[in-house]
Undergrad: 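Below is one structure. I have some questions about it.
Keep in mind that what you see is a predicted model, and the values were worked out from it rather than measured. The chains referred to below are lettered A, B, ... by the order of the sequence lines, with proteins before strands, and numbering in each begins at 1.
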Amino acid sequence: MISKESAKAVMSITVGELAEKIGGRAEGDVTRTIHGVAPLRSADGRALSWIGHPKYAGELRNTQAAAVLVPNDCVAPAGLTVIRVADPDLAMCAVLRLLAPTRDNIAAGVHATATVASDACVAGAAIGPHAHIGPRSVIGANTQIHAGAYVGADVRVGRDCVIWPNVVIREGTIIGDRVNIHPNATIGADGFGYLQRAGRHVKVPQIGIVEIGDDVEIGANTCIDRAKSGVTRIGEGTKIDNLVQIAHNVEIGPNCIIVALTGLGGSCVIGEQTMIGGSVGVADHVRLGRGAMIAAKAGVDRDVADGGRVAGMPAVESRKFWRQVSLTGELPELKRELRRLMERIEKLESATDDQA
Amino acid sequence: MISKESAKAVMSITVGELAEKIGGRAEGDVTRTIHGVAPLRSADGRALSWIGHPKYAGELRNTQAAAVLVPNDCVAPAGLTVIRVADPDLAMCAVLRLLAPTRDNIAAGVHATATVASDACVAGAAIGPHAHIGPRSVIGANTQIHAGAYVGADVRVGRDCVIWPNVVIREGTIIGDRVNIHPNATIGADGFGYLQRAGRHVKVPQIGIVEIGDDVEIGANTCIDRAKSGVTRIGEGTKIDNLVQIAHNVEIGPNCIIVALTGLGGSCVIGEQTMIGGSVGVADHVRLGRGAMIAAKAGVDRDVADGGRVAGMPAVESRKFWRQVSLTGELPELKRELRRLMERIEKLESATDDQA
Amino acid sequence: MISKESAKAVMSITVGELAEKIGGRAEGDVTRTIHGVAPLRSADGRALSWIGHPKYAGELRNTQAAAVLVPNDCVAPAGLTVIRVADPDLAMCAVLRLLAPTRDNIAAGVHATATVASDACVAGAAIGPHAHIGPRSVIGANTQIHAGAYVGADVRVGRDCVIWPNVVIREGTIIGDRVNIHPNATIGADGFGYLQRAGRHVKVPQIGIVEIGDDVEIGANTCIDRAKSGVTRIGEGTKIDNLVQIAHNVEIGPNCIIVALTGLGGSCVIGEQTMIGGSVGVADHVRLGRGAMIAAKAGVDRDVADGGRVAGMPAVESRKFWRQVSLTGELPELKRELRRLMERIEKLESATDDQA
């Protein structure tokens, strides 16, 4: 259901036009105008709705929706206006991008209050109020650098990126295309490395960089540290939630998911399509295999194999973890059983003694 | 004890004037001047002190304080100047607000370096240096938007709020009156939602908003994500500490407490007056009942009833958790007992065999 | 290995000059020019390499490095150009500071877009674009306040500090010399303190300050709250990672290490040289002794003695924790053993009954 506030941004479009834009096949009254999106039950005659699977076709009978996105092979009630698509959930995402674009886009060009180094290249990009672009940095076409964001020296940001307000990207960072970095994130701050000498901590210069692949999303207030030397790398298509800590020299493969408040220690290597739950901690130098799944709140102190599933602190194989949780819950009963056995043995010993 | 630095800001006021301002009843030398606040033992003749309860009246005898806030029914030593109030702890908060106001208030009006959209309404508000107010946004009277803060399009902020430096509030957010948002917090960034398709993650547009009730306080570097659709809601009077993550579509009731580094998963529903300790994780779609108390570090993966108290990971009823902790500590002894029983059984079996 | 990007900033220097700058003793062809740094195996004829201990001297034979930093007592192959130093790891840090300085330094003076209060003192400091310095604040010589950073009223920052972009330092904070505060950190926001009255939370004014000693480093997006009254104190030489929460009135001794995503509750007292792992939680008012070591992910709810090592939630002595982890893993086997004992006892009881 679109809230009143969201709805303000919604434009109107006919069923036929919409079908064409999302590559669907419209059936019924294609001249109807769509003003918003809503679930089947709450949709009124101006809203588009959707079902994700033909098994929900029965719910189509009573909807008031102006039109419904349905799977190609779905049997629809007579008279209902539908748009047939291969994947209605995916199509709905496309519809939302069309109907409810963010209202905080900024126009191409450099805002009068922004500070852009004379040797930076920002042609075709949008640089917002009070943003800063450092020397020799290059910002790609159609990329938005929002208000108050900081881009240091020698940074490369690709095309079609959105860098939200007050993000800080330090010198030397390399960012691909279509990358989305949410407010107050910090990219390329120094890694946390010291030599211990006579009870004091001597800073090890952190002279590496951060490199972020295409289609990466980085959450608000998340931190990705520059490498000690070399590169801290985030693979293409990886999505990172808010308040995540990625330490120096971590290498994350493509298409991973990392949920909020998780921390990855220095030099961790994360395989592709790995899923890491919220509030997880991974120790330095640990390797998580391709497609591994780390349960929320886990503390991982050793490598996880490809496809491995672990949970707990210290993390163990997930089924083992849940078996241990169950048995820990049984501890009071196990202790009572032990006491009862002891009594029975005492009795037996008395009886045996009597016989002896 | 007020530090030297804080004391710089302390103004002077007579006992009589102070009593009037906080609605108390002064007894003794009401012309004395108060310059600061200190505990009974360390207070000198220029300081106000306080006791929270009549049972501490005995400690009043030796104080050097200029005056003491005491409960209405407290018996005070002869000659001591006191201000009688119903709730001295509460009165002391009022005194501190009078005597030690923050020195970082900004005056009403728009700073020359701020960027305010021509159709935004900021009459009566204070907009600090390099702050940004987006199109159609409305900032209430007596609200301070500090330096470098960003307010996107179509935002409504109520009266008497303080938005501290470098806070980011994205488009469409609705904020009540007397709301306090600490530095570098991020309100209304996209929720973390994707469709998995062929090993890749397709972003689900996050078109909802964040709505924050009156008298809410939000800590530094805390993140509250906008809803996928609809509203992520923070109830009035709820207080949120630093570095907290509130995911999309969470609904938090009034007057809750959420301590630092806690994460609430998507679509969680939190009842009123719930208390959530630090570093807690709550899974998606979990409901915490009214007045529930979640111990620090808990990992909550299922609903908690009204008034429920849980701890541990996965969280269980608190008394059960502490019983399990105790028994886990006894595991070495339980194992030894098991070994001893085994030996005794072996002996019994040998004896029985001998007899057979 | 220095990445291509880092290498851009590398200057060239002869072996002899370098030896002089780092206080080493050069042997061999001291006229060679060093352009970068690399490990022994990958170093080419333009790179400096190093070994940390004489026991690695065997590896010197095949290196292509232009020169190698070696310990004073190391036997080097004939013909190899070396620089002898007491501590090669430490010397390498000095080399990196010389050869690969950050490219984001800003020059002394106040940027045209910065807002500096007329009664602030910033002589000899560098104040970046859109930075803000409040009334009566004093910034030491050679200190950099980067773009978008906010310094409130009555703040004192020492000499040779770096305050990275978008850091917020609220009023009254006192900061020593050579302090390094990374982007988006928040220093001196209000502590989290309320009185509970009739189901509502009444804010307790937070009138204290934060005081940070010399040589402290504070990570990106870390929060250090001002004291309720008095001082939240960070001892000299202490290093704090990203996304750490330090609550009001915490006192941290000198030369501690605190890893990312850790939270210290109000009024904690941390002894000197204490090491706190990542994602740790410490409850209010807990004291950690000098040199204590707290394992990652621990939840500490009681004091830890000097030199104590704890782990787990709730934290116990580390060896005890690992023993418990091991026994928890044995629970399935312990339960099976208990079952087998029960069967054997039943048999014994039957036999005894038969005999009775």
Undergrad: Among B:E272, B:E217, B:Q273, which residue has the highest count of heavy-atom pairs closer than 4.5 Å to chain C?
TA: B:E217
Undergrad: Of the backbone (N, CA, C, O) and the side chain (C-beta and beyond), which part of C:K203 lies under 4.5 Å from a heavy atom of chain B, both, or neither?
TA: both
Undergrad: Can you tell me how far apart CG (B:D87) and CZ (C:R197) are? Round to the nearest 0.5 Å.
TA: 4.0 Å
Undergrad: Sub-3.5 Å donor-acceptor pair from the side chain of B:H130 to the main-chain atoms of C:G148, do we have one?
TA: no
Undergrad: Examine whether an atom of C:Q206 lies under 4.5 Å from a heavy atom of chain B, and if so say whether it belongs to the side chain, the backbone or both; otherwise answer neither.
TA: neither
Undergrad: For the candidates B:M342, B:R97, B:H146, which exhibits the highest count of non-hydrogen atom pairs separated by less than 4.5 Å from chain C?
TA: B:M342
Undergrad: Which atoms of C:A227 are under 4.5 Å from chain B, going by heavy atoms: the side chain, the backbone, both sets, or neither?
TA: neither
Undergrad: OG1 of C:T186 to NE2 of B:H182: how many Å apart, nearest 0.5 Å?
TA: 10.5 Å
Undergrad: Give a yes or no on whether the backbone of C:A153 and the side-chain of B:D104 come within a donor-acceptor separation of less than 3.5 Å.
TA: yes
Undergrad: Give the minimum heavy-atom separation between B:L243 and C:C223, together with the two atoms involved.
TA: CG-SG, 3.9 Å
Undergrad: Out of curiosity, C:L327 CG to B:L334 CG, how far, rounded to the nearest 0.5 Å?
TA: 9.0 Å
Undergrad: Which heavy atom of C:M313 sits nearest a heavy atom of B:K297, and at what distance?
TA: SD-CB, 3.9 Å
Undergrad: So which part of B:P183 gets closer than 4.5 Å to some heavy atom of chain C, the side chain, the backbone, both or neither?
TA: both
Undergrad: Supply the atom-to-atom distance B:T102 OG1 to C:D190 CG, rounded to the nearest 0.5 angstrom.
TA: 7.5 Å
Undergrad: Which region of C:A298, side chain (C-beta onward) or backbone (N, CA, C, O), has a non-hydrogen atom less than 4.5 Å from a non-hydrogen atom of chain B, or is it both or neither?
TA: backbone
Undergrad: Any donor and acceptor pair, going by atom type alone, linking the side chain of B:N221 with main-chain N or O of C:N184 inside 3.5 Å?
TA: yes
Undergrad: Look at B:R339 together with C:E337 and state whether they make a salt bridge at an N to O cut-off of under 4.0 Å.
TA: yes
Undergrad: Identify which part of C:T262 has an atom lying under 4.5 Å from any heavy atom of chain B, answering side chain, backbone, both or neither.
TA: backbone
Undergrad: Out of C:R170, C:H132, C:K320, C:R226, return the one with the most heavy atom pairs under 4.5 angstrom to chain B.
TA: C:R170
Undergrad: Count the heavy-atom pairs under 4.5 Å between each of C:V204, C:N166, C:V280, C:V202 and chain B, then report the option with the highest count.
TA: C:N166
Undergrad: Is it the backbone or the side chain of C:L338 that comes under 4.5 Å from a heavy atom of chain B, or both, or neither?
TA: both
Undergrad: Identify which one of B:N242, B:I257, B:I258 satisfies the side-chain contact (heavy atoms from CB on, under 4.5 Å) criterion when paired with C:F192.
TA: B:I257
